[in-house]
Amino acid sequence: MSVQTRSTQDPLWTRVLLIGCAVGFLAVFLFVPLALVFAEAFRKGIKVYADAVTEANTLSAIYLTLTVALVSVPLNAVFGVGASWAIAKFSFKGKSLLLSLIDLPFAVSPVVSGLVWVLLFGARGLFGPWLREHDLQIIFAAPGMILATVFVTFPFVARELIPLMQAQGNDQEYAALSLGASGWQTFRRVTLPNIKWALFYGIILCNARAMGEFGAVSVVSGHIRGETNTLPLHVEVLYNEYNSAAAFACASILSVLGLLTLALKTFIEWRVGLRRQKH
Amino acid sequence: MQAKRPRSILPGFGLSLGFTLAYLGLVVLFPLLMVFVKASGLGWRGIFEALWTSRVWAACRLSFGLSIIAGLLNGVFGLLIAWVLTRYTFPGRRFLEASVDLPFAMPTAVAGIALTTLYAPNGWIGSLLKPYDIKVAFAPPGILIALVFIGLPFVVRTLQPVLEDFETAQEEASATLGATRWQTFRRVVFPQLVPALITGTTLAFARAVGEYGSVVFIAGNMPGKTEILPLLIITKLEQYDYEGATALAAMMLVVSFVLLLVINFLQRKTLVRNVA
Amino acid sequence: MSIVVQNLRRTFGTFQALRGINLEIADHQLVALLGPSGSGKTTLLRIIGGLDFPDSGQGSVVINEEDVTDRPAAERKAGFVFQHYALFNHLSVFENVAFGLEVRPQKIRPGKDAIRDRVLELLRLVQLQGLEQRLPSELSGGQRQRVALARALAIDPKVLLLDEPFGALDAKVRKDLRRWLRAFHREIGVTTIFVTHDQQEALELADVVVVMNQGQIEQIGSPQQVYDHPATPFVYEFLGDVNKVRKPGRPDLFYVRPHEVRILFAGDAAAELHATIEHLFAAGPSARLTLRLQESRETLDADITRQQLEEMGLSEGDEVGIHLALSRS
């Protein structure tokens, strides 16, 4: 390389200074808190950690978290595929309004996302009396938590698929139809393979949020240990009981989930260049 | 939403659009509408009475004030990080690049207890600040730190594509015209980043206003002092003050919608500029 | 202002973009760097402009008897016009042209009025009066090109460097602008180098054509020289149509331009070769024949006048004799 400074390159001292600032900022705000989670989790030794993770209430929280995710993620994935098919493959009036409405849940505070379900299904809500008559419970029970989670994770899959399918256009589908494929065959054999990575990407992000959601679920949860606590809520309970080691042990499980999500996300980006990479 | 007859030979338009609208309506629009229906039941007077208390006013000031500061801080540091990630090559760049999304991937409750423990008077960082009498956790600075944490990716991820697509020839042109590197940044690059920077900052601000999980642990939650708006909604719910909670939620929704419109407008503007 | 480039080398990774370039350009000349893509012409232009640098210690750039090899672009006063103009999208036409004056250090920065006068004068020069307040996005391709030119001229450049100045324009605008640029250069007289891959453009416009290939200079000369007396087979092939032919009994390859192929009747004693007309296309005053040589089975293109075509009564499938009016082998 030449010794001269290119006109699009910053001087060495600037580069060193800015990289230093960026690394320092990210270290203080991201890496130190992450390291702390694991340090606190194992502070009292591996045995305390293992006990906290395998305790009955923790296991039931994990079970509920998985249940909630297992219902809400597929629902939103199916919605995402359907919505992106309608929006990307056809032109119709009001499309940009529809796009904005799909993004709406991202703009809403998690607390409000939970509150809306209380207003609908809570004891004093719109359907409250009817639910009580039929002895059905939605709020302060798993169904309410699923609904709240569906609401907050609503846009994830759709917003990954729509731009991709719009960019891909309809030519391949037209080709398949002209070759005699049925609509379903066209979707399954042409469209789906083209969007599978983006779909997977959306599902991963959706799942991470579904399993980690706190605010919305907190509003509709009954906060009953071993029954209506998801893992993030269980962390809160433990933390507020000053059981720091157990709280961080559970937090470490969620952190691993987050890191795994990041790793998968990065892998997919690298694999298919879904997000444009530099150079 | 009136569907024009699609001029497409692809099948499934009615089914997919019908399903989309039905699901959107049931899961998002109808529940949100309920907030306004309930709020309208209170009447203007009722809403006013629910909102016009010193406690709500203090929470508003705290939430909006700190969110603005957090948005601005994220604007500065997000620009710096986006610049470093797109312009420089250095060992570990890809690792940093991936880690920017950590606040998205990390459950907010985990971030909340981690930041609290870190900045508590006996925490790793809190204990360093204690001799100087700087209180972070259970005080407004702690809330600010949590809000900066969750807002950072918005600015970085909004700026990155704009910086990547930036025509380096413009920087070269500026250099051939005799501009210094700083002049080039200030007069050529920065003005063209401004729309994206405002978009990212607004996104971070919008997220901060509604954020709950990462803030509630570190906030201290003293009514009138360190009580944020979302927490106030929960408190009112727990006290069975549905009217108060609904009025607050309606106000926050209106703010969210306005911000969404602003962001949409900004993004469209950014897009047009990039195309031109 | 003269430019002297000596023994310049530039490597990108393992790719040798420039392999020892020597070039001298006299004052006031309009010089074309002509070559196919990847020949190193743009790299050479960027190095002269200070946007790129030679491999360390490999060569020098001297502008106006001053060694500027290690000088950054900002200190060279070389007006550079970029292929896609690189106009500042957020600034008006006026602000774009004024930019180079406004970023000067306070001591040598002209006053507001002086800047204004200079910008308006330049816009008049490039015939863009009245468009001062437009944004680049509101201009046509040809207008943007001229804004870029005015912007480059605002700093009183010692030399003007244009990278594929007409590359992004459509054919009609291209032709108009080409004519305009030649007149413009005569008017301002600044030593100008432009890069092009279009031989027509280089031959029509330049005082001197520098033909480049694979990081080296193949030939330097006037348009007439390089077209009529190509120094290397590459130049022969790159400039204009050319046939490669072997005469019977001789091993070496001949380069013959289509208009240098003389068509005779098959029985003509002057015929060196014999061929069949495979295809015939007549449009305008000349006709193009595609011939199949009987001796070697090679094909050969020939251009003859419409008049000759009619006088000889040629049609496809006819046999003809050929004489090669060789300018060079």
Side-chain angles (χ1 to χ4, degrees), chain A residues 7-8 10 15 18-19 21-22 25-26 29-30 32-33 36-37 40 79 82-83 85-86 89-90 92-94 98 100-101 104-105 107-112 115-117 119-120 124 126 150-151 154 170 173 177 183 208 212 214-215 219 232 235-236 239 247 251 254-255 258 261-262 266 278, chain B residues 1-4 6 8-13 16-17 19-20 23-24 27-28 31-32 34-35 38 77 80-81 84 86 88 90 96 98-99 101-102 105-110 113-115 117-118 149 164 168 171-172 175 181 206 210 212-213 230 233-234 242 245 249 252-253 256 259-260 264:
Chain A
S7 47
T8 52
D10 300 331
R15 272 179 284 161
L18 293 186
I19 292 174
C21 284
F25 184 88
L26 291 175
F29 274 87
L30 305 185
V32 173
L36 177 125
V37 171
E40 288 288 323
F79 162 74
W85 180 266
K89 301 290 179 195
F90 303 93
F92 53 90
K93 257 190 207 163
L98 181 58
S100 302
L101 289 177
L104 202 54
V108 175
S109 169
V111 170
V112 178
L115 175 80
V116 294
W117 301 105
L119 295 182
L120 274 178
R124 290 165 58 194
L126 188 62
V150 166
F151 185 98
F154 181 83
N170 295 354
E173 280 78 10
L177 289 172
F214 178 74
V219 174
V235 168
E236 182 196 23
Y239 185 80
L254 288 167
S255 300
T261 304
L262 271 194
T266 311
K278 288 136 282 301
Chain B
M1 203 156 310
Q2 205 206 350
K4 230 184 6 189
S8 172
I9 56 161
L10 290 177
F13 176 66
S16 58
L17 186 66
F19 168 67
T20 301
Y23 188 75
L24 176 74
V27 171
V28 177
L32 284 179
M34 271 310 292
V35 175
K38 276 265 177 185
F77 286 98
L80 189 147
I81 289 165
V84 165
T86 47
Y88 305 152
F90 54 95
L96 281 196
S99 67
D101 280 333
L102 206 58
M106 201 62 107
T108 51
V110 176
I113 64 168
L115 291 173
T117 309
L118 199 57
F149 172 86
E164 276 163 27
T168 47
E171 288 169 63
E172 294 184 336
R181 189 71 190 132
Y212 177 70
I233 293 182
I234 289 201
Y242 279 50
M252 287 191 73
L253 275 179
S256 305
L259 284 174
L260 198 68
N264 261 345

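So you know, we letter chains A, B, ... as the sequences are listed, proteins then strands, and number each from 1.
Within the model, atoms CZ of A:Phe25 and CG of B:Leu80 stand 9.0 Å from one another, a figure rounded to the nearest 0.5 Å.
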Derivation and outcome, ring-ring contact (aromatic ring centres under 6.0 Å, His included), residues A:Phe154 and B:Tyr23: CA-CA 10 Å; A:Phe154 181 83; B:Tyr23 188 75; 5.6 Å; yes

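Neither the backbone nor the side chain of B:Leu259 comes within contact range of chain A; no heavy atom of the residue lies under 4.5 Å from a heavy atom of that chain. For chain A, no part of B:Ala206 is nearby; none of its heavy atoms comes within less than 4.5 Å. Only the side chain of B:Leu253 comes within contact range of chain A, judged by heavy atoms closer than 4.5 Å. In this structure, chain B has heavy atoms under 4.5 Å from both the backbone and the side chain of A:Ile19.
Of the listed residues (A:Cys21, A:Pro232, A:Pro110, A:Ala86), the one with the most heavy-atom contacts under 4.5 Å to chain B is A:Ala86. Of the listed residues A:Leu119, A:Thr261, A:Thr266, the one with more heavy-atom pairs under 4.5 angstrom with chain B than any other is A:Leu119. Per-residue heavy-atom pair counts under 4.5 Å with chain B were compared for A:Ala107, A:Pro105, A:Ala247, and the maximum is reached by A:Ala107.
Residues B:Ser256 and A:Val108 share a closest heavy-atom pair of OG-CA, 4.4 Å.
Contact annotation: the side chain of B:Leu17 approaches that of A:Leu98 to within less than 4.5 Å [non-hydrogen atoms, C-beta and beyond]. Contact check for B:Thr20 versus A:Trp85: no side-chain heavy atoms found under the 4.5 Å cut-off. Within the 4.5 Å cutoff, side-chain heavy atoms of B:Asn264 are placed close to those of A:Ser100. Within the 4.5 Å cutoff, the side chain of B:Pro11 has heavy atoms near those of the A:Leu177 side chain. Two residues are said to be in side-chain contact when any heavy atoms from C-beta on lie closer than 4.5 Å; B:Phe149 and A:Leu30 meet this criterion.
Classification of the A:Phe92-B:Phe13 ring pair by plane angle, with boundaries at 30° and 60°, yields tilted.
Formation of a donor-acceptor pair under 3.5 Å by the A:Thr8 side chain with backbone atoms of B:Glu171 is not found in this model.
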